[in-house]
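Step one of this worksheet: look at the structure below.
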Amino acid sequence: MNILVINCGSSSLKYQLIDMNGETVLCKGLVERIGIEGSRVKHNTTGKDKVVIEESLANHKDAISLVLDTLVDEEHGAIKSMEEIDAVGHRVVHGGESFSSSVIIDDEVMKVLYECIELAPLHNPPNIMGIEACRELMPSTPMVAVFDTAFHQTMEPDNYIYPLPYEFYEKYRIRRYGFHGTSHKYVSLRAAELLNRDIKDLNIVTCHLGNGSSVCAVEGGKSTDTSMGFTPLEGLAMGTRSGDLDPAIIPYIMDKENITFDEVNELLNKKSGVLGISGISSDFRDLEIAMENGDKRAKLALDVFVNRVKKYVGAYVATMCGIDALVFTAGIGENSSYIRRKICEGLECLNIRIDAELNNIRGEEAQLNRDLTSTAIFVIPTNEELMIARDTLGLVSK
Ligand code: ADP
């Protein structure tokens with residue numbers, strides 16, 4: 001069975017076609033600049049040369065149409081006809097409280113997806129545009145929605161309720177939702193596999209460290225707490241997002257700088273985090289180089305980032321009353337030996353002991369603790385597409 005996985009952003013679209021017999025990627029690609037001049041698709045069929053096809057794409061429907069044409073293209077494609085796509089799995093950022101697991105998309109589900117827009121006004125509309133376009137172009141192919149928030153719906157109220165007047169939860173559904181759920185779920189399941197243990201018996205802390213970063217407490221296979229909240233702004237210091245702040249800072253900045261609500265929102269989301277502290281870059285590669293060249297603010301930015309991750313790891317070990325595995329994933333978690341080492345340094349009291357030599361890897365699955373009586377430490381490259389394809393397969397073959 002072949003499953004097409006679609007992840008639609010506002011002006012971009014990532015896709016993968018996966019053959020679920022053996023879970024092999026038949027092809028994958030990225031459409032860029034949808035609705036902007038210079039749109040193109042970068043397509044890569046396994047075993048063939050990569051191609052870039054430039055074509056004017058006014059909207060997401062045009063983009064999906066081009067992807068489908070490319071998939072069946074005689075020269076660059078991976079399949080002969082659209083009939084060979086058995087189902088489509090769509091990534092959806094926010095499922096609110098309505099979806100605690102993936103669902104088959106029908107008209108009723110579409111209605112609820114539209115209702116979730118107000119919780120994620122930037123992310124959900126392009127996800128929905130992708131789904132609408134696919135439903136139009138492939139009306140008889142089953143579609144599944146897989147939510148970034150769903151994995152965290154197992155949190156208990158004491159972890160998801162904010163200390164605000166309770167009616168804000170009742171009226172506006174203001175609560176912690178958490179994000180990156182598909183990634184936290186995938187790497188925690190894989191960690192259990194690597195340990196050859198039943199995930200039900202394990203306490204795992206997963207660190208998804210990328211442009212956006214979050215930490216998750218996975219207890220017995222369920223998310224019991226996570227650092228992102230009502231939006232992906234809460235928690236760790238990130239590339240450009242502030243993460244946790246004293247909320248009183250916000251009206252104070254607005255008053256002092258005489259800026260509007262939209263401007264402060266932009267400041268917290270786009271100009272803060274390690275970019276804001278360093279004044280150099282949101283990219284950790286640039287910051288590590290700048291630090292090596294003696295830039296003090298680059299070092300400070302990395303120190304703040306590391307410090308936040310450590311605090312969350314410590315908090316989750318305390319609330320789970322123990323830790324069997326610490327997992328690093330996403331761009332920084334998979335690639336930065338320096339950040340992984342700094343996070344683990346000083347956590348020996350939690351029996352976290354990273355081995356310098358084993359830690360000297362990049363972008364591959366590995367165990368980083370040499371002494372097997374200590375807490376397992378893993379690098380596990382995330383694979384949200386595969387997780388989406390698995391959920392899709394599970395639902396459509398029922
Ligand atoms: P996204 O949240 O956009 O999916 P990624 O998971 O791809 O982000 O992570 C992107 C980040 O990974 C970049 O900002 C960069 O800082 C970091 N990164 C990638 N490679 C390295 C590396 N070799 N060393 C340090 N950081 C890296």
Side-chain angles (χ1 to χ4, degrees), residues 5-16 28-32 42 91-94 120 122-123 126-127 146 148-149 178-187 206-216 226-228 231-243 269-293 295 298-299 301-306 308-309 327-344 359-366 368 379-388:
V5 176
I6 300 274
N7 179 356
C8 253
S10 57
S11 66
S12 70
L13 185 166
K14 284 190 234 166
Y15 62 92
Q16 273 192 21
K28 59 181 170 184
L30 168 69
V31 187
E32 295 172 304
K42 292 181 185 164
R91 178 199 181 206
V92 179
V93 170
H94 215 311
L122 295 179
H123 294 101
N127 301 159
V146 180
D148 273 17
T149 48
F179 298 88
H180 295 139
T182 310
S183 175
H184 289 298
K185 184 177 174 185
Y186 175 80
V187 299
T206 50
C207 304
H208 178 111
L209 311 177
N211 276 322
S213 296
S214 67
V215 182
C216 182
T226 189
S227 57
M228 283 180 170
T231 72
L233 186 56
E234 193 181 345
L236 303 176
M238 306 180 214
T240 62
R241 293 178 222 156
S242 67
N269 277 290
K270 304 262 171 72
K271 298 178 184 160
S272 299
V274 293
L275 169 68
I277 299 173
S278 68
I280 294 176
S281 172
S282 63
D283 192 305
F284 279 60
R285 286 164 289 202
D286 299 339
L287 294 176
E288 286 182 32
I289 292 168
M291 175 186 67
E292 280 156 22
N293 292 334
D295 190 290
K299 179 172 185 314
L302 295 173
D303 287 349
V304 170
F305 177 84
V306 164
R308 289 269 172 109
V309 180
V327 183
F328 293 105
T329 193
I332 301 159
E334 291 166 28
N335 292 298
S336 175
S337 310
Y338 172 77
I339 293 290
R340 290 191 302 252
R341 172 169 67 79
K342 294 301 278 185
I343 289 170
C344 293
N359 183 37
N360 195 17
I361 53 112
R362 170 170 298 180
E364 59 185 278
E365 195 169 271
L368 309 184
V379 172
I380 301 178
T382 195
N383 196 339
E384 290 159 287
E385 290 78 10
L386 179 57
M387 201 74 232
I388 292 172

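The figures here come from the full heavy-atom set of this structure, side chains too, leaving out hydrogens, waters and symmetry mates. Just follow the structure's listing: the first ligand is 1, and inside any ligand the first atom is 1. Note that the coordinates shown come from a computational prediction; the quantities given were computed from them, not determined experimentally.
- Every ring pair (Phe, Tyr, Trp, His ring centres under 6.0 Å) that Tyr15 has, sequence neighbours left out, goes to His43.
- By the salt bridge (charged side-chain N to carboxylate O under 4.0 Å, His left out) test, Arg91 pairs with Asp148, sequence neighbours left out.
- Arg308 contributes atom CZ, which lies 10.5 Å from atom OG of Ser227 (distance to the nearest 0.5 angstrom).
- The aromatic rings of His208 and His180 sit parallel, their planes meeting at an angle under 30°, below the 60° perpendicular limit.
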Show the short N or O contacts, below 3.5 Å, that ligand 1 makes with protein N or O atoms; if there are none, say 'none'.
| residue | atom | partner | partner atom | Å |
| --- | --- | --- | --- | --- |
| ligand 1 | 2 (O) | Asn211 | N | 3.2 |
| ligand 1 | 3 (O) | Asn211 | ND2 | 2.9 |
| ligand 1 | 6 (O) | Gly331 | N | 2.8 |
| ligand 1 | 8 (O) | Asn211 | N | 3.2 |
| ligand 1 | 12 (O) | Ile332 | N | 3.4 |
| ligand 1 | 14 (O) | Asn211 | OD1 | 3.0 |
| ligand 1 | 16 (O) | Asp283 | OD1 | 3.3 |
| ligand 1 | 16 (O) | Phe284 | N | 2.6 |

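- Not a single salt bridge (charged side-chain N to carboxylate O under 4.0 Å, His left out) links Lys14 to another residue, sequence neighbours left out.
- Interatomic distance, Met228 CE to Thr149 OG1, rounded to the nearest 0.5 Å: 12.5 Å.
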